[in-house]
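All values reported here derive from a predicted model rather than from experimental measurement. Heavy-atom basis, side chains included; hydrogens, waters and symmetry copies ignored. Every number for a ligand or one of its atoms is a count from 1 in the order of the listing.
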Amino acid sequence: MTLKQAGTKVWIDGNFVDERDARVDFISNSFQYGFSVFEGIRAYKTDKGPAVFRLKEHIERLFKSAKIIGLKIPYTQGEIIEACLATIRENGFDECYIRPVAYIGSGGMGLSPEGCDVSVGIATWFWGEYLGKGKLEKGTRVATSSFTRHHINSNMSKAKAAGNYMLFQMARVTAHQQGYDEALLLDAQGHVAEGSVENVFIVKDGELITPPLTHILDGITRDTVIKIARENGWAVREEFFTRDYVYVADEMIFVGTGAEVTPVVELDDRPIGDGKPGPLTRKLQQIYFDLVRGNTATHPEWRALVNKSR
Ligand code: PMP
């Protein structure tokens, strides 16, 4: 995917610049070594104008990611929240994806980023169904990756840090090349970890099961799904499980800001359940989309209105 929207503005350190002019130096620590942290957030069209889903939690995670890797963001969380809202207004989107990045855009040719200035940039663009058109409805086909999710002492799994994503890129591209929509990564012990940019749930005997946070990203959609499932009376357990446990699950779901709540209907060429999106997945999808689009009065604190005067 390339960004074909010349003319959109990117917020960089307090100023809006044309997307073409949002650049980093070739000799810059973040470009050379992937030393940066980022977020992926969605704004949805609601009857109160565009609303950003769980913006506060995403920006909190951006700052936590920075703390984990040792990057000092020279803004407050409130300033970055306001800057995200201003960027959506500036570009006039009803619905969009929002990508804040904290990075070193100049200097730091050696590994150490010490003494370099830290910048923040925020881009917005339209992003439809992340896993491909029609997949939310029909479900996706997933393959277990031969790449192992980083050991918890290698890359910091709670940091949404750019350098971590080369592994996910390789897993996803390999899955695509082999004819699947997405990859499922196992951890170093062989337990199910997560997708390349999705957390995973399975359904067994009416209960939702998801891996504990030990070795995965603390996904905001995962948290949303756990909360809405419990609010609706479904049991949710966090426990380690293996790929063969998924093969015999009733349902499997990939969740993430990009993937939203996507049914997985096949893993490693084995149908999950009857090979169709399951009933609990369907109900969760409906509750999730009602929430993000503001078709329900519940959790108004999760929808940050872009145009506050409305
Ligand atoms: N795992 C990884 C590795 C991810 O990159 C993402 C996307 N941020 C997720 C899970 C899902 O997280 P979220 O629901 O916060 O988007």
**Student:** Go ahead and list the nitrogen or oxygen contacts between ligand 1 and the protein that come in under 3.5 Å, distances to 0.1 Å, or just say none.
**Tutor:**
residue, atom, partner, partner atom, Å
ligand 1, 1 (N), Glu194, OE1, 2.7
ligand 1, 5 (O), Lys160, NZ, 3.2
ligand 1, 5 (O), Tyr165, OH, 2.4
ligand 1, 8 (N), Lys160, NZ, 2.9
ligand 1, 14 (O), Ile220, N, 3.3
ligand 1, 14 (O), Thr221, N, 2.9
ligand 1, 14 (O), Thr221, OG1, 2.6
ligand 1, 15 (O), Arg61, NH1, 2.8
ligand 1, 15 (O), Arg61, NH2, 3.0
ligand 1, 15 (O), Ile220, N, 2.8
ligand 1, 16 (O), Thr257, N, 2.9
ligand 1, 16 (O), Thr257, OG1, 2.6

**Student:** About how many Å separate OH of Tyr97 and OG1 of Thr257, when rounded to the nearest 0.5 Å?
**Tutor:**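 Those atoms lie 6.5 Å apart.
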**Student:** Output every pair passing ring pair (Phe, Tyr, Trp, His ring centres under 6.0 Å) with a member in residues 171-206, not counting sequence neighbours, ordered by first then second residue.
**Tutor:**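 Listed once each, the pairs are His191-Phe240.
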**Student:** Evaluate the criterion side-chain hydrogen bond (donor to acceptor under 3.5 Å, both in side chains) for residue pair Arg303 and Thr46; output intermediate values, then yes/no.
**Tutor:** CA-CA 9 Å; Arg303 292 178 291 273; Thr46 76; over 6 Å; no
**Student:** With Glu39, which of His58, Lys160, Arg99 fulfils side-chain hydrogen bond (donor to acceptor under 3.5 Å, both in side chains)?
**Tutor:**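 The residue from His58, Lys160, Arg99 that satisfies side-chain hydrogen bond (donor to acceptor under 3.5 Å, both in side chains) with Glu39 turns out to be His58.
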**Student:** In Å, rounded to the nearest 0.5 Å, how long is the span from CZ of Phe63 to CD of Gln77?
**Tutor:**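 Interatomic distance, Phe63 CZ to Gln77 CD, rounded to 0.5 Å: 5.0 Å.
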**Student:** For a 4.5 angstrom cut-off between non-hydrogen side-chain atoms, does Val261 reach Thr224?
**Tutor:**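 With C-beta onward as the side chain, the pair stays apart.
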